[in-house]
Amino acid sequence: MSPPDHALPNRLSVPTDGERVWRNHMIMAKLGATPKGGVCRLALTPLDIEAHCLLARWAEARGFTYDLDAVGNMFIRRAGSEPDLPPISSGSHTDTQITGGRFDGIFGVLAAFEALEAIDDAGIVTRHPLEAVVWNNEEGSRFYPGCMGSAAYAGVLGLDRVLDTTDRDGIPLRREVAALRAALPGAGTRALGAPIGALIEAHIEQGPILEAEGKTIGIVTGMQGNRRFQVEVLGEEAHAGGSQRRYRKDALVDAVAMVTALHGVFHDPEDIIRFTIGRFEVSPGGLAVVPGRVFFTIDFRHPEQSTLDRLGDQVEGLCRAAAKSCAVQVTEISRSAPVAFTGAVPDGIARAAAAHGYAYREIYSGAGHDCRYFADHCPTGMIFIPCERGISHNEAENASPGDIAAATQVLADVMLELAQRR
Ligand SMILES: [Zn+2]
């Protein structure tokens with residue numbers, strides 16, 4: 001990243017309303033509020049559709065238009081003076097994890113909407129249109145994989161594959177996208193993949209660094225790549241009393257050996273490798289039955305492609321070597337390359353943060369986010385704010401009104417500047 005030019009003249013700025021953006025967060029947090037203070041609003045459930053409808057009402061009250069694309073992404077637009085120019089867009093997601101918090105995703109949507117409102121309040125007509133975007137199904141907690149809407153928009157996932165995805169009850173995404181469209185009769189249609197002029201995503205850090213260092217703004221320099229696998233270990237069910245150990249094909253015994261072997265390889269002294277077995281299912285699950293099948297998942301992330309290649313390519317061999325009596329099937333279910341954010345967006349964030357006197361630093365994103373798919377298509381970047389003790393994907397997730405206001409101000413400034421560019 002080139003050093004930000006803090007001395008650049010004519011930096012544009014409009015005042016944003018920190019109280020308004022906080023109020024909107026608290027209104028949104030009621031949609032799916034959990035007893036422990038979090039939010040459960042899974043993608044395209046009635047609650048998530050209600051969140052889209054609320055945004056649509058706010059947009060209508062402002063005279064902003066809104067469109068849906070074929071996979072259920074929503075684009076709230078404030079027109080510019082040159083309608084043929086691609087929009088300067090910002091957004092994130094309204095869906096949450098099952099035990100999600102009040103800020104993950106929705107902060108990026110509401111900050112973007114506030115930027116549009118603030119620029120509207122200031123009466124500025126921008127050259128480029130401005131957009132607040134809601135990417136569909138970011139969390140992947142109902143429909144797998146996550147970041148589905150943004151991936152489809154960027155052409156990383158095929159349209160039919162996305163629409164045919166089903167949730168655990170067998171409900172296809174296609175049906176829920178139709179339900180979203182039916183709930184938003186005022187929505188226009190956006191072509192999937194239509195050009196975007198620049199994309200900025202504001203998000204909570206989901207880690208402890210900014211809070212620990214007393215920084216308000218994180219300028220995200222990049223995102224880890226990842227590889228995901230599922231492993232199926234097939235043994236043979238047997239009577240826990242009748243079967244001798246030497247004749248057993250115990251899927252759990254082999255699976256545990258695989259997990260041990262994998263953990264032995266997937267670590268580094270610098271503690272950069274992220275390796276997680278987040279799902280581990282033993283079947284049939286009878287107290288007196290030797291397990292005949294184990295299914296587990298692997299999530300592996302790293303900032304460097306060479307490490308993703310070198311270690312990821314060992315998963316299957318390690319599992320096969322650890323299998324003593326069972327068959328094993330290893331399937332790679334997704335992979336993403338590492339992403340670097342450079343240029344206009346991170347430079348603009350640094351300039352705006354400095355101009356307002358907010359403490360900031362560069363930061364690397366451990367989590368994946370929707371905007372990753374756009375870094376090769378248009379100027380792209382992210383603004384992080386601290387979240388309390390780094391806790392996220394948790395009902396206790398918290399962020400401060402002051403940090404939200406600050407990042408919203410920075411976002412509005414960056415969007416305005418990009419939208420006036422020649
Ligand atoms: Zn998120």
Side-chain angles (χ1 to χ4, degrees), residues 12-25 27-28 31 48-94 105-136 149-150 153 180-192 194-202 370-371 378 404 407-421:
L12 300 171
S13 183
V14 289
T16 49
D17 187 336
E19 282 177 25
R20 180 168 59 192
V21 73
W22 179 259
R23 201 163 55 238
N24 288 347
H25 276 83
I27 294 169
M28 273 290 176
L31 298 177
D48 189 33
I49 291 177
E50 208 177 320
H52 285 74
C53 291
L54 181 56
L55 287 165
R57 286 201 297 277
W58 290 347
E60 282 165 2
R62 273 282 174 181
F64 302 156
T65 57
Y66 49 95
D67 297 330
L68 293 172
D69 68 15
V71 295
N73 297 315
M74 181 180 184
F75 304 83
I76 298 170
R77 176 180 285 234
R78 181 173 186 267
S81 61
E82 297 179 40
D84 293 338
L85 290 181
I88 304 304
S89 305
S90 176
S92 194
H93 55 100
T94 53
I106 194 66
F107 161 53
V109 173
L110 296 177
F113 191 77
E114 172 60 32
L116 267 60
E117 289 201 285
I119 292 167
D120 201 53
D121 285 340
I124 296 172
V125 180
T126 56
R127 294 184 67 238
H128 290 255
L130 295 167
E131 277 187 348
V133 186
V134 183
W135 299 112
N136 186 21
S150 51
Y153 195 89
L180 175 66
R181 184 161 272 292
L184 292 172
T189 297
R190 168 70 157 258
L192 199 63
I196 288 175
L199 185 65
I200 311 117
E201 181 167 358
D370 289 305
C371 69
C378 64
I404 283 179
T408 303
Q409 182 62 57
V410 168
L411 175 66
D413 288 7
V414 174
M415 289 181 79
L416 179 60
E417 216 165 66
L418 291 168
Q420 298 295 45
R421 270 189 170 192

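Counting from 1, the numbers follow the sequence of the chain as shown.
For the pair L110 and W22, the minimum side-chain heavy-atom distance is 4.5 Å or more. The closest side-chain heavy-atom distance from L130 to I119 is below 4.5 Å. For the pair V133/M74, no side-chain contact is recorded, criterion being any heavy-atom separation below 4.5 Å from C-beta on. Contact of the S81 side chain with the H128 side chain is not registered, since no non-hydrogen atoms from C-beta on lie closer than 4.5 Å. Annotation: side chain of D67 is not in contact with side chain of T189 (no heavy-atom distance under 4.5 Å). In this structure the side chain of L416 reaches within 4.5 angstrom of the side chain of V14, judged on heavy atoms.
Nearest heavy atoms, S92 versus G105: CB-O, 3.2 Å. Nearest approach of T16 to Q409, heavy atoms of both residues: OG1-OE1, 2.6 Å. Residues A198 and C378 come closest through the heavy atom pair CA-SG, 4.0 Å. In terms of heavy atoms, V109 sits closest to V134 at CG1-CG2, 3.9 Å. Nearest approach of S90 to M415, heavy atoms of both residues: CB-SD, 3.7 Å. When every heavy atom of A111 is checked against every heavy atom of A202, the shortest pair comes out as CB-CB, 4.4 Å.
With rounding to the nearest 0.5 angstrom, the CG atom of L180 is 5.0 Å from the CG atom of L68. Going from atom NE2 of H25 over to atom CD1 of I404 covers 4.0 Å, rounded to the nearest 0.5 Å. Taking CE of M28 as the reference point, atom CZ of F107 lies at 14.5 Å (rounded to 0.5 Å). Here the CD1-CD1 distance, from I106 to I27, works out to 11.0 Å after rounding to the nearest 0.5 Å.
Evaluation of the salt bridge (charged side-chain N to carboxylate O under 4.0 Å, His left out) test over residues 107-117, restricted to residues two or more places apart or in two chains, returns R20-E114, R20-E117, R62-E117.
Qualifying side chain to side chain contact (heavy atoms under 4.5 Å, CB included) partners for R421, counting only residues two or more places apart in sequence or in other chains: A344, L418. Judged as a ring-ring contact (aromatic ring centres under 6.0 Å, His included), and not counting sequence neighbours, the contacts of F75 are W135, Y153. Residues forming a side chain to side chain contact (heavy atoms under 4.5 Å, CB included) with P87 (at least two apart in sequence, or on another chain): R77, S89, P129, E131, R190. Under the side chain to side chain donor-acceptor pair (under 3.5 Å) criterion, T65 pairs with no residue, sequence neighbours left out.
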Step by step, would you call L192 with V71 a side-chain contact (heavy atoms from CB on, under 4.5 Å)?
CA-CA 8 Å; L192 199 63; V71 295; 3.8 Å; yes

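Looking at T126, its side chain never comes within 3.5 Å of a backbone N or O of A419 through a donor-acceptor pair. Side-chain atoms of Q420 come within 3.5 Å of backbone atoms of R127 as a donor-acceptor pair (strictly under, hydrogens ignored). One N or O on the side chain of N73 and one on the backbone of G149 form a donor-acceptor pair closer than 3.5 Å.
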Return a table of donor-acceptor pairs under 3.5 angstrom between the side chains of residues 49-60 and protein atoms on other chains or two or more places apart.
from, atom 1, to, atom 2, distance (Å)
H52, ND1, D48, O, 2.8
E60, OE2, Y66, OH, 2.2

